[in-house]
Structure formats: structure tokens, C-alpha cells
Amino acid sequence: PGDQEAGELGLAAVPGRQAAFRQGLEAAVHYARAVGCPRIHVMAGRVPLGTERAAVAAEMETTFIENLRYTADVLSQEDMIGLLEPINNRITDPHYYLNTPHQAAAILEKVGRPNLKLQLDLFHCQIMDGNLSHNLETYFPLIGHIQIAQVPGRHEPDSPGELNFPYIFELLESLGYTGYVGCEYAPKGDTLEGLGWLRSYWESRGLQHGGTSKAAK
């Protein structure tokens with residue numbers, strides 16, 4: 001994430017911070033190797049304070065692409081995947097550089113490396129663009145990880161809000177998604193009680209708690 005006390009939130013697209021980015025990537029790879037995690041979120045970072053987004057957009061894109069190509073080379077030696085996550089700039093972070101799946105897909109196309117993927121957080125995607133079914137279908141070949149949270153409260157997927165998660169889970173299944181779904185939400189209360197939505201999902205799929213098939217028992 002860079003120097004968070006100085007207001008940084010990632011360095012990959014921040015001009016002049018390339019050396020620090022490479023140091024951070026080396027540390028991230030070290031930790032990922034130690035815990036057996038094959039995916040690393042390569043955080044783009046914020047538009048530098050005191051500058052207009054439009055004025056630095058081209059330079060930030062150039063920096064991002066160069067750093068991502070470097071990242072892809074490093075991660076290919078580790079058999080790891082680098083992930084780009086768009087973060088909404090309407091509510092969560094007005095200064096974050098990478099905001100939509102469209103922007104991320106365009107960057108990925110320019111970088112052209114197969115071990116870089118899209119980390120699609122449906123909370124951010126809904127706030128910026130909505131149209132989740134179409135976006136999931138359109139960008140599915142690029143998706144390396146999915147994260148979920150209800151909108152607008154960013155709580156459990158069965159909390160009151162805009163998103164119909166049973167439908168979204170069925171859509172992901174129909175698309176053939178086999179990766180993890182990260183619970184990137186703040187529980188409204190107790191964490192275990194808040195996982196009632198998961199138990200309901202398992203039951204709707206004929207599974208017991210823990211995801212094992214009742215038929216297998």
C-alpha cells in the first residue's frame with residue numbers, strides 16, 4: 001500500500017514511486033510465498049494531492065503499465081497472479097486512480113500479460129456502473145477474483161440493499177466461475193451470525209454446512 005501515514009494507498013500508478021513500488025512488490029511476494037497465496041492485489045494508488053486527475057491521467061497510465069509489466073515478469077517466476085481492483089471514487093475513495101472495470105480492462109489489454117487479472121469487487125462495480133450481469137459476462141474472461149458486499153451499507157450480502165446475491169451467485173455458477181468469493185464487507189454484528197447467508201446458500205444448493213454434499217453422506 002505504500003506509506004499510508006502519508007496518504008498513499010498503493011503505488012503502481014504513482015509517478016516517481018517506482019523504486020518503492022518494486023520494494024513493496026518484493027515484500028508482497030515474500031509474504032504470499034510464505035502463506036501459499038497465489039494472488040496479489042497490485043494497488044494502483046491515488047491521484048497525487050494537489051493535482052487534477054485529468055492533468056496526470058496519461059502519466060499515471062504510463063507508470064501503471066510499466067509497473068504492471070515488471071510485476072507480471074516477477075510473478076511469472078513465482079507462478080502467481082497479479083490482480084487489479086477498481087475502487088469507486090464516488091463514496092469510498094475520491095482520489096483513487098483505478099475506478100471502473102472498463103478502465104481496468106483497457107489497462108490489462110495494453111499490458112498484455114496473461115498472469116494479470118481483474119479483481120472485481122461487486123460493491124465498487126455497482127456504485128460506479130451497475131449493470132452487474134452484463135459486466136460479469138463481459139469481463140468474465142479477465143476475472144481472477146470476486147469480492148462481495150451489499151450496497152450501499154457494505155454489510156452482509158443478505159442485509160438490506162440493492163443487490164440480489166442469490167441471483168448473482170447463480171450467474172457466477174452458470175458462467176463457470178471456480179475461484180474464491182471474498183467477503184469484503186463489514187459485519188453488522190457478530191461475524192458468525194452474519195454468515196447465515198452462507199448457510200442458506202449451501203442449503204439452497206443441497207449442501208451441508210462446510211459445502212459438503214448431503215448425497216455424499
Side-chain angles (χ1 to χ4, degrees), residues 1-49 56 59-89 92-93 95-101 103-125 139-149 154 172 177-187 191 195 211:
D3 186 350
Q4 291 180 285
E5 291 186 2
E8 292 180 331
L9 190 67
L11 298 173
V14 181
R17 297 287 279 146
Q18 288 89 332
F21 169 76
R22 293 186 179 197
Q23 291 175 355
L25 177 65
E26 181 181 355
V29 168
H30 176 75
Y31 287 123
R33 190 191 302 127
V35 300
C37 180
R39 292 172 177 80
I40 293 177
H41 176 196
V42 186
M43 302 184 76
R46 290 171 167 147
V47 175
L49 291 176
V56 296
E59 185 181 8
M60 292 192 73
E61 180 177 294
T62 298
T63 302
F64 201 18
I65 290 171
E66 290 175 353
N67 279 331
L68 287 173
R69 286 176 178 157
Y70 175 84
T71 298
D73 291 341
V74 170
L75 296 186
S76 67
Q77 300 173 27
E78 304 285 343
D79 197 25
M80 293 179 181
I81 297 291
L83 299 169
L84 279 62
E85 181 188 11
I87 296 176
N88 81 82
N89 63 352
T92 301
D93 195 325
H95 301 291
Y96 203 74
Y97 168 72
L98 188 67
N99 306 130
T100 69
Q103 183 188 7
I107 294 286
L108 287 170
E109 183 176 0
K110 291 178 180 179
V111 175
R113 300 297 177 87
N115 64 334
L116 297 178
K117 298 286 187 179
L118 173 63
Q119 178 169 307
L120 192 65
D121 187 317
L122 299 185
F123 174 82
H124 297 304
C125 189
Y139 297 113
F140 186 75
L142 298 177
I143 292 174
H145 187 57
I146 293 282
Q147 293 179 170
I148 60 170
R154 208 170 190 180
L172 287 171
Y177 183 68
T178 58
Y180 286 100
V181 174
C183 300
E184 184 92 341
Y185 62 76
T191 298
L195 288 170

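The figures here come from the full heavy-atom set of this structure, side chains too, leaving out hydrogens, waters and symmetry mates.
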Chemist: Short question: side chain of N99, backbone of P86 - any donor-acceptor pair under 3.5 Å?
Modeler: no
Chemist: Can you tell me how far apart OG1 (T178) and CG (L172) are? Round to the nearest 0.5 Å.
Modeler: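 Going from OG1 on T178 over to CG on L172, the span is 11.0 Å.
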Chemist: Could you walk me through whether F21 and T63 satisfy the side-chain contact (heavy atoms from CB on, under 4.5 Å) test, starting with their C-alpha distance in whole Å, then the side-chain angles of each, then the deciding distance to 0.1 Å, before giving a yes or no?
Modeler: CA-CA 11 Å; F21 169 76; T63 302; over 6 Å; no
Chemist: Got a salt bridge between R154 and D121, using NZ or NE/NH1/NH2 to carboxylate O under 4.0 Å?
Modeler: yes
Chemist: How many angstroms lie between CG in L9 and NE2 in H95, if you round to the nearest 0.5 Å?
Modeler: 11.5 Å
Chemist: Any chance you could measure I40, atom CD1, to L83, atom CG, to the nearest 0.5 Å?
Modeler: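 Result: 9.0 Å between the selected atoms.
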Chemist: Can you sort out the partners of N88 under side chain to side chain donor-acceptor pair (under 3.5 Å), two or more places apart, ordered by chain and number?
Modeler: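 Side chain to side chain donor-acceptor pair (under 3.5 Å) check on N88 returns T92, H124.
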Chemist: Run the side-chain contact (heavy atoms from CB on, under 4.5 Å) test on H41 and H145 for me, step by step, so that the C-alpha distance in whole Å, both residues' side-chain angles and the decisive distance to 0.1 Å come before the verdict.
Modeler: CA-CA 10 Å; H41 176 196; H145 187 57; over 6 Å; no
Chemist: Taking Q18 for the side chain and G16 for the main chain, is one N or O donor matched with an acceptor at less than 3.5 Å?
Modeler: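 Judged by distance alone, yes, a pair lies under 3.5 Å.
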Chemist: Looking only at heavy atoms, what is the nearest atom pair of V14 and G45, with distance?
Modeler: CG2-CA, 4.3 Å
Chemist: Nearest 0.5 Å, what's the CE-OG1 distance between M80 and T71?
Modeler: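 Reported value, rounded in 0.5 Å steps: 12.5 Å.
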Chemist: To the nearest 0.5 Å, how far apart are CD1 in I143 and CG in L118?
Modeler: 5.5 Å
Chemist: Nearest 0.5 Å please: distance from the CG atom of L11 over to the CG atom of N67.
Modeler: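 Here the rounded value is 8.5 Å.
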Chemist: Can you confirm whether P1 sits close enough to E8 that some side-chain heavy atom of one is under 4.5 Å from a side-chain heavy atom of the other?
Modeler: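 Of all side-chain heavy-atom pairs linking E8 with P1, none is under 4.5 Å.
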Chemist: For Y96, which residues count as a ring pair (Phe, Tyr, Trp, His ring centres under 6.0 Å) partner, sequence neighbours excluded?
Modeler: none
Chemist: Verify side-chain contact (heavy atoms from CB on, under 4.5 Å) between V47 and M60, making sure each step is shown before the conclusion.
Modeler: CA-CA 8 Å; V47 175; M60 292 192 73; 4.0 Å; yes
Chemist: According to the salt bridge (Lys or Arg N to Asp or Glu O under 4.0 Å) rule, which pairs have a member within residues 21-40, sequence neighbours left out?
Modeler: R33-E78
Chemist: What pair of heavy atoms forms the shortest contact from P101 to L120, and how long is it?
Modeler: CB-CD1, 4.0 Å
Chemist: What are the two closest heavy atoms between A105 and L142, and how far apart are they?
Modeler: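 The answer is CB-CD1, 3.7 Å.
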Chemist: Mind listing the closest non-hydrogen atom pair of G144 and Y177 along with its distance?
Modeler: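 So the two residues come closest at O-OH, 4.4 Å.
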Chemist: Taking all atoms of both residues into account, what is the closest heavy-atom pair of G36 and P38, and its distance?
Modeler: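 Closest approach of G36 to P38, heavy atoms only: O-CD, 3.6 Å.
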